[in-house]
Amino acid sequence: MSLTHIFKATLVFLAALAFAYIFVLTINVWVSLLIAILVASAVRPAILRLMRWRIPQGIAVLIVYVGLATVTITLLVIVLPPVVNEFVGYIQNDDRLANRIISAQSWVQQTITQITGSEFELGITPEEIRASISDIAEQVRVTAPSLVGNATGFLGEFILIIVMGLYWVTSRERAEAFLIELVPAHRRGQLRLIFDEIEGGLGSYVRGIVLVSVIVGVLSFIILAVLRVPGAGTISFFYAVATAIPIIGGLIGVVLATFLALLTSPLNAVIVLIVTFFLQQVENYYLTPRVMSKGTDFDPLLVIIFVALGFSLGGIMGSLIAIPVAGTASILIKHLILEQRKASVAPSKVEGGILLLSSDQHEE
């Protein structure tokens, strides 16, 4: 190998390392961009419908995104203040939270003892509960300033996602046309098909998740409100948000909702546990298979692996976008690798009972 080739290979390698380093440093920006594209793919049908009603594109985009931001902010304003107030109250008086948990533990032990007829104990003493709650409260007090900073950062990321989404929707067609011009003419139809399939899959996936979450959240709120469970709106909101996480989200939502209800009374916790567990079955076996039928379809084990990898890389946001990323990768692999491989080994045509092989097969 000549020195020129070695020099070029070294430059390519160093450039790849530099790109990977910059990508890692700016991972939050790339995650925000991906979320913006997901949201844009989900709301694009609504924008196109408004445009069919002779509304200019700019105004249609503005209407949809203003409506989306209004709904999101309204939900946060309604749900978060009661949770924050309750949380601050428990942190300021950690003995109050410990008493709640001790009372719930005693109720569970007594109930199981009465049902089974034999003595039952959870094996955790009240002193251990008080010590654990005190340690947790102290850690939260120490990290409270950083929590405020994280909230500010979340607001900044939310604004960034909205702005990126606006630009993506308005410049999507130009970006697609530019990328298509970079490939040979005989590949442009395939590239358009890839773009359409990726956007359709992403949009269907996001709309399906939102629809399922809204349905289970509304049903949960109605049932809990009828049963007069305190904080029905807050419990239902967090349960619906947790449901958006594939496969494991329903279980997380049941545990989280039950814990929130446990802070009011053990009886409310039992009610919430039964209601959310029932809704989880409805979501798993009825809603998700029907609403998400056009979304990305992976084996449950792969979904758990992708979600775990996404969570380890980007927390909750990472777990939510893990499946769309994997779905996009699978579409690219299907079109760029698998279909081309199948075409290279498949017979080209049959004439007069004679099997004519493709040129690649002849070469082999």
Do I35 and V43 land in one hydrophobic cluster if side-chain heavy atoms of ILVMFWY residues count as linked below 4.5 Å? yes
Excluding sequence neighbours, so at least two apart, what forms side chain to side chain contact (heavy atoms under 4.5 Å, CB included) with I73? V77
Tracing side-chain links under 4.5 Å among I, L, V, M, F, W and Y, which residues wind up in one group with I22? none
Not counting sequence neighbours, list each pair that qualifies as a side-chain hydrogen bond (donor to acceptor under 3.5 Å, both in side chains) and has a residue in residues 34-49. R44-E199
Tabulate below the donor-acceptor pairs under 3.5 Å that side-chain atoms of residues 9-18 make, not counting sequence neighbours, or state none.
| unit_1 | atom_1 | unit_2 | atom_2 | d |
| --- | --- | --- | --- | --- |
| T10 | OG1 | I6 | O | 2.7 |

For P45, which residues count as a side chain to side chain contact (heavy atoms under 4.5 Å, CB included) partner, sequence neighbours excluded? R207
Is it true that I59 and W53 fall in one hydrophobic cluster, defined by side-chain heavy atoms closer than 4.5 Å? yes
Provide the closest heavy-atom pair for A60 versus I55 in the form atom of the first, atom of the second, distance. N-CG2, 3.8 Å
Co-members of the apolar cluster containing V66 [side chain, <4.5 Å]: L62
What one should report as the nearest heavy-atom pair of T258 and V272 is N-CG1, 3.9 Å
What distance separates F237 CZ from T234 OG1, expressed to the nearest 0.5 Å? 9.0 Å
Can you list every side-chain hydrogen bond (donor to acceptor under 3.5 Å, both in side chains) pair that touches residues 214-231, not counting sequence neighbours? S220-S236
Using the side-chain contact (heavy atoms from CB on, under 4.5 Å) rule, pick out the option among V206, I209, V325 that qualifies with L38. V206
What residues, two or more places apart in sequence or in another chain, satisfy side chain to side chain contact (heavy atoms under 4.5 Å, CB included) together with F277? Q280, Q281
I198 side, atom CD1; I37 side, atom CD1 - distance, nearest 0.5 Å: 10.0 Å
Could you go through F221 and I235, starting from their C-alpha distance and side-chain angles, then the distance that decides it, and tell me whether this counts as side chain to side chain contact (heavy atoms under 4.5 Å, CB included)? CA-CA 8 Å; F221 173 73; I235 293 172; over 6 Å; no
To the nearest 0.5 Å, what is the distance between CG (L227) and CG (L267)? 10.0 Å
More than 12 heavy atoms from other groups under 6.0 Å of OH on Y65: yes
Gap separating the CD1 atom of I215 from the OG1 atom of T243, nearest 0.5 angstrom: 11.5 Å
Taken in chain and number order and not counting sequence neighbours, the residues that satisfy side-chain hydrogen bond (donor to acceptor under 3.5 Å, both in side chains) with E197 are K334, H335
As an exercise, state the distance from CZ of F278 to CD of E283, rounded to the nearest 0.5 Å. 12.5 Å
Here the salt bridge (charged side-chain N to carboxylate O under 4.0 Å, His left out) pairs for residues 16-34, sequence neighbours left out, are none
In short, A240 meets G217 closest at the heavy-atom pair CB-CA, 3.8 Å
Name every donor-acceptor pair, under 3.5 Å, that has one atom in a side chain of residues 159-167 and the other anywhere in the protein, sequence neighbours excluded.
none

With hydrophobic residues grouped by side-chain heavy-atom distances under 4.5 Å, do L262 and L256 end up in a single group? no
Test log, rule side chain to side chain contact (heavy atoms under 4.5 Å, CB included), inputs L273 and V254: CA-CA 6 Å; L273 175 62; V254 171; 3.6 Å; yes
Rounded distance [0.5 Å steps], CD1 in I63 versus CG in L50: 5.5 Å
Over all heavy atoms of both residues, which pair between L224 and A232 is shortest? Give the atoms and the distance, please. CB-CB, 3.8 Å
Does T276 have any side-chain hydrogen bond (donor to acceptor under 3.5 Å, both in side chains) partners at least two apart in sequence or in another chain, and if so, which? none
Give me the atom names and distance for the closest heavy-atom approach of V216 to Y239. CB-CE2, 4.1 Å
